[in-house]
Amino acid sequence: MEGPSLVILHEEAKAFIGKKIIKVSGNTKTEKERLLNQKIIDIKTWGKHFLICFKDFMVRIHFLMYGSYRINEQKENPRLSLKFKNGEFNFYNCSIKFIEGDFYSQYDEETDVMSDRWNEKKAITALKKLPKKSLVCDALLNQNIFAGVGNIIKNEALWRIKMHPESFISSLKPKQLKQLAQEARTYSFDFYKWKKIYELKKHWVIYRKQICPRCNIKYTRKYCGNPARLTYFCSNCQVKYK
DNA sequence: TATAATGTTTGAAC
DNA sequence: AGTTCAAACATTAT
């Protein structure tokens, strides 16, 4: 689940702010009992993190590859289930973690590509500080720089800016660094827009596709970067900066 | 039906 | 000591 999907979840989840948890269950190994009788004071997202905030701590939910949730409905084997006087909030196949402190002391909104406070210059500065041989495909997935960007956004954004995923960050000119940072955010918002109208896959140009619409030739499909992730690119129009 | 994957952490092995 | 790698988690679309 990538950043834009978390923003959509956040919109649905906001209704639980101010509500008290009256029953907790689920197969999480964390100390979930701690949540009983607690009042949700805020709900936040940062990148791929979904955060339910309480007075002195937060519950961080990460959906990884297959995580899901249900609001006011349920399915089998919740990892965590929160019940309220009116309604319930259920999470499945996700990673659950307690974080002490408040949101602002733990998270920097300026590195979240979906945030109003996204700071493009900060991302560019961070890119320049990466080790010499860092690849563009890895940089985009680096959650400390582009929180919320996942493999779909990575592939689509690189195709749009005609940049080869195995380009070296250190070989990019200032203009290209800017373009990279900009498109990470721009595509994320397109992702959000399309996901909301259930048209996300319809707009994929490269991810899980075969033919480059610009060049009319077959895409390359290769495991790139470290850790290796399946990457789609057009070897004709995506320039490799080396 | 088999395959591959919207992701990250952990810890063993080298 | 730093890196590399597999395992773990477990679902769903193609």
Side-chain angles (χ1 to χ4, degrees), chain A residues 1-12 26-30 32 45-51 58-70 73-81 90-99 106-107 111-114 130-135 137-160 165-166 183-211 218-233:
Chain A
M1 202 181 276
E2 305 192 20
S5 304
L6 275 276
V7 174
I8 294 167
L9 163 57
H10 183 249
E11 290 169 3
E12 302 170 34
N27 58 21
T28 175
K29 289 177 188 141
T30 58
K32 59 180 186 291
T45 63
W46 178 86
K48 300 167 190 169
H49 295 200
F50 181 69
L51 299 149
M58 296 170 271
V59 174
R60 189 209 75 176
I61 296 172
H62 199 303
F63 295 92
L64 295 103
M65 293 267 208
Y66 326 117
S68 61
Y69 60 90
R70 292 286 187 278
E73 47 184 87
Q74 43 189 258
K75 55 179 183 176
E76 280 186 353
N77 302 323
R79 177 72 30 87
L80 180 66
S81 172
N90 300 308
F91 302 94
Y92 308 87
N93 307 307
C94 51
S95 159
I96 307 226
K97 208 174 161 181
F98 281 85
I99 297 181
Q106 303 295 317
Y107 288 98
T111 60
D112 177 353
V113 294
M114 294 304 292
L130 287 171
K132 188 90 178 127
K133 298 271 173 164
S134 298
L135 301 179
C137 54
D138 287 331
L140 276 177
L141 294 177
N142 185 327
Q143 298 300 297
N144 297 317
I145 305 176
F146 298 109
V149 171
N151 208 31
I152 297 172
I153 296 170
K154 176 194 88 179
N155 280 290
E156 297 288 335
L158 288 176
W159 181 83
R160 279 188 175 183
E166 290 174 316
E183 196 57 47
R185 178 165 161 92
T186 303
Y187 189 83
S188 294
F189 276 86
D190 284 337
F191 184 123
Y192 167 81
K193 176 181 76 190
W194 290 324
K195 173 118 189 170
K196 274 194 89 142
I197 55 173
Y198 309 102
E199 280 189 6
L200 180 62
K201 291 175 190 180
K202 185 174 147 183
H203 294 275
W204 285 346
V205 174
I206 181 155
Y207 183 75
R208 295 184 181 175
K209 296 288 177 182
Q210 277 86 42
I211 306 289
K218 253 190 120 177
Y219 284 130
T220 304
R221 194 171 168 275
K222 183 187 174 188
Y223 285 90
C224 299
N226 185 14
R229 296 294 301 276
L230 190 56
T231 306
Y232 299 79
F233 58 92

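Side chains are part of it too, since the values below use all heavy atoms of this structure and drop only hydrogens, waters and symmetry mates. Quantities reported herein were computed from a predicted structural model and do not represent experimental measurements. Just so it is clear: chains get the letters A, B, ... in the order the sequence lines come, proteins before strands, and each one is counted from 1.
Along DNA chain C, the nucleotide closest to A:Arg208 and the one closest to A:Asn93 are compared, and the more 5′ of them pairs with A:Asn93. With DNA chain B read from its 5' end, the first of the two nearest nucleotides for A:Lys97 and A:Gly150 is the one closest to A:Gly150.
A:Tyr92 comes within 4.0 angstrom of no nucleic acid atom, judged by non-hydrogen atoms across all strands. When heavy atoms are screened at a 4.0 angstrom cut-off, A:Lys29 is found touching no nucleic acid atom at all.
Picking from B:dT9, B:dT6, C:dT11 the nucleotide with the shortest atom distance to the side chain of A:Tyr66 gives C:dT11. Between B:dA4, B:dT6, B:dT8, one nucleotide has an atom nearer to the side chain of A:Leu64 than all others, and that is B:dT8. Among B:dG7, C:dT14, C:dA10, the nucleotide with an atom closest to any side-chain atom of A:Lys201 is C:dT14. Among the nucleotides B:dT6, B:dT8, B:dA4, the one closest to the side chain of A:Lys195 is B:dT6. Nearest nucleotide to the A:Arg60 side chain, out of B:dT6, B:dT9, C:dC9: B:dT9. Nearest to the side chain of A:Tyr207, among C:dA10, C:dT12, B:dT6, sits B:dT6. If you check B:dG7, C:dA10, B:dT6 against the side chain of A:Met65, the one that comes closest is B:dG7. Distances from the side chain of A:Glu2 to the nucleotides C:dT11, B:dA4, B:dT6 place B:dT6 closest.
No more than 12 heavy atoms of other residues, nucleotides or ligands sit less than 6.0 Å from atom NZ of A:Lys218. Summarising the local packing, NZ of A:Lys75 is surrounded by more than 12 heavy atoms from other residues, nucleotides or ligands at distances under 6.0 Å.
Between A:Arg79 and C:dA10, a side-chain N or O to OP1/OP2 separation shorter than 4.0 Å is present. Taking 4.0 angstrom as the limit, A:Lys48 places none of its side-chain polar atoms (N or O) nearer than this to OP1 or OP2 of B:dT6. Remark: A:Arg229 is in phosphate contact with B:dG7, judged by side-chain N or O atoms under 4.0 Å from OP1 or OP2. OP1 or OP2 of B:dT8 lies within a sub-4.0 Å distance of a side-chain N or O belonging to A:Gln143.
None of A:Ile96, A:Leu6, A:Leu9 except one satisfies the side chain to side chain contact (heavy atoms under 4.5 Å, CB included) rule with A:Ile61; the exception is A:Ile96. Results of the salt bridge (charged side-chain N to carboxylate O under 4.0 Å, His left out) test with A:Glu199 over A:Lys201, A:Lys195, A:Lys202, A:Lys196 single out A:Lys202 as the only residue that passes.
Inter-residue side-chain proximity for A:Glu156 and A:Val205 is flagged as met; some heavy-atom pair is nearer than 4.5 Å. Put simply, the side chain of A:Phe189 reaches to within 4.5 Å of the side chain of A:Met114, judged on heavy atoms.
Protein atom CG of A:Leu140 is 14 Å distant from nucleotide atom P of B:dT6, rounded to whole Å. For the pair A:Met114 CE and B:dT6 P, the interatomic distance rounds to 19 Å; values are reported in whole Å. One interatomic measurement links the two molecules: CD1 of A:Ile61 to C1' of C:dC9, which rounds to 16 Å at whole-angstrom precision. Rounded to whole Å, the distance from CD1 on A:Ile152 to P on C:dA13 is 13 Å. Regarding A:Tyr69, its OH atom lies at a distance of 21 Å from the P atom of C:dA10, rounded to whole Å. At whole-Å resolution of the value, NZ in A:Lys209 and P in B:dA4 are 19 Å apart. The nearest whole Å value for the distance from the CG atom in A:Leu200 to the P atom in B:dT6 is 12 Å. In this structure, CZ of A:Phe50 is placed 17 Å from P of B:dT8, rounded to the nearest angstrom.
Taking a pair to require two hydrogen-bonding distances under 3.5 Å in either a Watson-Crick or a G-U wobble arrangement, B:dT10 pairs with C:dA6. Across every strand in view, C:dT14 sits in a pair with B:dA2 that passes the Watson-Crick or G-U test at under 3.5 angstrom.
The separation of B:dA4 from C:dA7, taken at their P atoms, amounts to 16 Å, rounded to a whole angstrom.
Note on ring orientation: taking the six-membered ring where Trp is involved, the planes of A:Phe91 and A:Phe63 are tilted (angle from 30° to 60°).
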